[in-house]
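Read the structure below first, then the notes.
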Amino acid sequence: MGAPVDKFFEESMSESLRTCYLYLNQTSRSFAAVIQALDGELRHAVCIFYLVLRALDTVEDDMTIPLEKKVPMLNDFHTYLYQANWCFTESHEKDRRVLEDFPTISLEFRNLGQAYQDVISDICHRMGVGMAEFLEKKVGSMKEWDQYCHYVAGLVGIGLSQLFSASQLEDPEVGKDTELANSMGLFLQKTNIIRDYLEDIQVARAFWPQEAWRQFACRLEDLAEPDQLTSALSCLNLLVTDALRHVPDVITYLARLRNQSVFNFCAIPQVMAIATLSACYNNPQVFQGVVKIRKGQAVTLMMQATNMGAVQSIMAQYSQEMLQRVSLTDPSRDKTLFILGVIQERTLSQATLASRTAHLSPMYLSAAMILAALSWQYLSTTAGQPPGTADMQGH
């Protein structure tokens, strides 16, 4: 449950916009409060962006829609934004309400400024095409893993960054540097996929790339066998190492942000992700159950991650924890040590810190942020939820 929209905004909103915020709170387990803590008109743009992608994701997730119907729907979904009466009433997914009442969402989409509309429509189009492409093929190579994660999460990072710039709360370069924005999404998405190994194989979903697991097993599900633990950990550590290569870009991206609400919105998921990745690294529990960061730890991270210095300290702490657990016999050892060394260098340097302290106070927590902290379930799993565009930036 997210925080309620504050009274001033609620009273000034149309009935249809109020309905959109209701859907946001019903469908987003973790991001509703953080979206509602964003400043000004950006709040509405991100709310609508979330709901449009939630609707698209609901189509992708619905296994009752035959492929011959689903593929054209995904490819054409962006056009429904400009069709006032388009809706879909045949879904059986839990979030089907956003498809059944899509006219309310598309109406509020068309009420946004043109710059916001252009970003949301473009990302929706590109994501729908990508989802359609991966419906009929497995994630094979590491390059395809990057591509899949780009479609379902990197594009979210790119779209959000363009919305930040369109709002003028952030500099134009934030929206223009798509490589950094893509890395923000990929880091979150890969963390989700790594953590969700067991949940996914239990429902016959496979998001770990074949190029990685085929080095260690004949079938992906074999990694869950107790006698395969050494191979399983080698595969896990290879993927964690690959995810970590996005962290330097994450640090560069966050250091550019100037608006406090945008910084919180972006930084909190990233520190949750590195904490989760550290918990997963070399951990047999990934293959035996669910790896979660503790609720208290999550709240502490959320309350701390409000300035660049604190974020750097958190990143340094978890990279140090992983460094101490690198096995002498792990096949990815050299690559892991290298990327953790790069992260340590970036997080322990004062250069980035100096660029941020002039802009942001060390402590900033709105009521919405505190509510979000107390109810935080970021990076937690729900049965049957694929690691798609579930909560804007990963889950």
Side-chain angles (χ1 to χ4, degrees), residues 180 183-184 186-195 197 232-255 257 263-264 266-287 290-357 360 362-363 373 376 378-379 393-394:
L180 290 185
S183 287
M184 293 280 285
L186 262 62
F187 184 58
L188 299 182
Q189 188 66 22
K190 287 180 177 181
T191 299
N192 291 346
I193 289 172
I194 290 165
R195 181 207 55 201
Y197 165 83
L233 290 175
S234 294
C235 185
L236 168 65
N237 295 343
L238 183 157
L239 294 180
V240 170
T241 301
D242 180 79
L244 286 169
R245 69 186 169 86
H246 301 295
V247 173
D249 278 356
V250 168
I251 294 165
T252 302
Y253 181 98
L254 293 174
L257 299 177
F263 184 83
N264 293 350
C266 294
I268 290 167
Q270 300 295 333
V271 297
M272 297 292 176
I274 199 162
T276 302
L277 210 56
S278 176
C280 289
Y281 181 70
N282 209 36
N283 186 352
Q285 187 63 24
V286 171
F287 304 98
V290 180
V291 175
K292 274 194 202 177
I293 52 176
R294 296 184 316 279
K295 190 83 163 268
Q297 183 186 3
V299 172
T300 301
L301 286 171
M302 186 168 185
M303 294 180 75
Q304 286 176 339
T306 57
N307 66 87
M308 198 62 209
V311 168
Q312 284 177 299
S313 297
I314 292 164
M315 297 278 191
Q317 173 197 332
Y318 287 110
S319 57
Q320 183 61 39
E321 281 186 16
M322 284 182 269
L323 265 174
Q324 291 168 351
R325 300 205 309 274
V326 178
S327 162
L328 285 167
T329 56
D330 188 83
S332 302
R333 174 183 167 83
D334 290 346
K335 286 183 179 175
T336 310
L337 291 173
F338 175 79
I339 189 58
L340 288 172
V342 171
I343 294 167
Q344 292 261 291
E345 198 176 299
R346 289 295 311 276
T347 54
L348 297 172
S349 74
Q350 294 302 302
T352 319
L353 176 58
S355 74
R356 289 259 325 142
T357 47
L360 301 180
M363 181 48 80
W376 195 257
Y378 191 76
L379 294 176
Q393 295 184 48

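All values reported here derive from a predicted model rather than from experimental measurement. The first residue in the sequence is number 1, and the count goes up from there.
- No donor-acceptor distance shorter than 3.5 angstrom exists from the side chain of N283 to the backbone of V286, with no hydrogens or angles considered.
- Atom CZ of R333 is separated from atom OG1 of T241 by 11.5 Å, given to the nearest 0.5 angstrom.
- For the atom pair CE of M272 and NZ of K292, the computed distance is 13.0 Å after rounding to the nearest 0.5 Å.
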### Task
Could you check R346 against I343 for side-chain contact (heavy atoms from CB on, under 4.5 Å), going step by step and ending with a plain yes or no?
CA-CA 5 Å; R346 289 295 311 276; I343 294 167; 5.7 Å; no

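- Taking each heavy atom of C266 and Q270 in turn, the nearest pair found is O-CG, 3.2 Å.
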### Message
What verdict does the side-chain contact (heavy atoms from CB on, under 4.5 Å) test give for Q304 and V271, after you've listed the backbone C-alpha separation in whole Å, the side-chain angles of each residue and the deciding distance to 0.1 Å?
### Response
CA-CA 10 Å; Q304 286 176 339; V271 297; over 6 Å; no

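- Here the side chain of R325 pairs a donor or acceptor atom with the backbone of Y281 at under 3.5 angstrom.
- The CD atom of Q344 sits 5.0 Å away from the CG atom of L323 when rounded to the nearest 0.5 Å.
- Just one residue in the list T336, D242, N282 forms a side-chain hydrogen bond (donor to acceptor under 3.5 Å, both in side chains) with N237, and that residue is N282.
- In terms of heavy-atom proximity, P269 sits nearest to N264 at CD-O, 4.2 Å.
- Between F187 and L277, the closest side-chain pair of non-hydrogen atoms falls below 4.5 Å.
- Under the side chain to side chain contact (heavy atoms under 4.5 Å, CB included) rule, F338 has a single partner from V342, D334, L340, which is V342.
- The shortest non-hydrogen separation linking M315 to V250 is CE-CG1, 4.0 Å.
- The CD1 atom of I268 lies 9.5 Å from the CG atom of L301; values are rounded to the nearest 0.5 Å.
- In this structure, I193 CD1 and K190 NZ are separated by 8.5 Å, a value rounded to the nearest 0.5 Å.
- The shortest non-hydrogen separation linking A305 to A267 is O-CB, 3.8 Å.
- Taking every heavy atom of both residues into account, S319 and A316 meet most closely at OG-O, 3.0 Å.
- The distance from the CG atom of L257 to the CG atom of N307 is 12.5 Å, given to the nearest 0.5 Å.
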### Message
Evaluate Q317 against I274 for side-chain contact (heavy atoms from CB on, under 4.5 Å), listing each step before the verdict.
### Response
CA-CA 10 Å; Q317 173 197 332; I274 199 162; over 6 Å; no

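- L236 and C280 get closest at one heavy-atom pair: CD2-O, 3.2 Å.
- Within the 3.5 Å criterion, the main-chain N or O of A275 finds no donor-acceptor partner in the side chain of S278.
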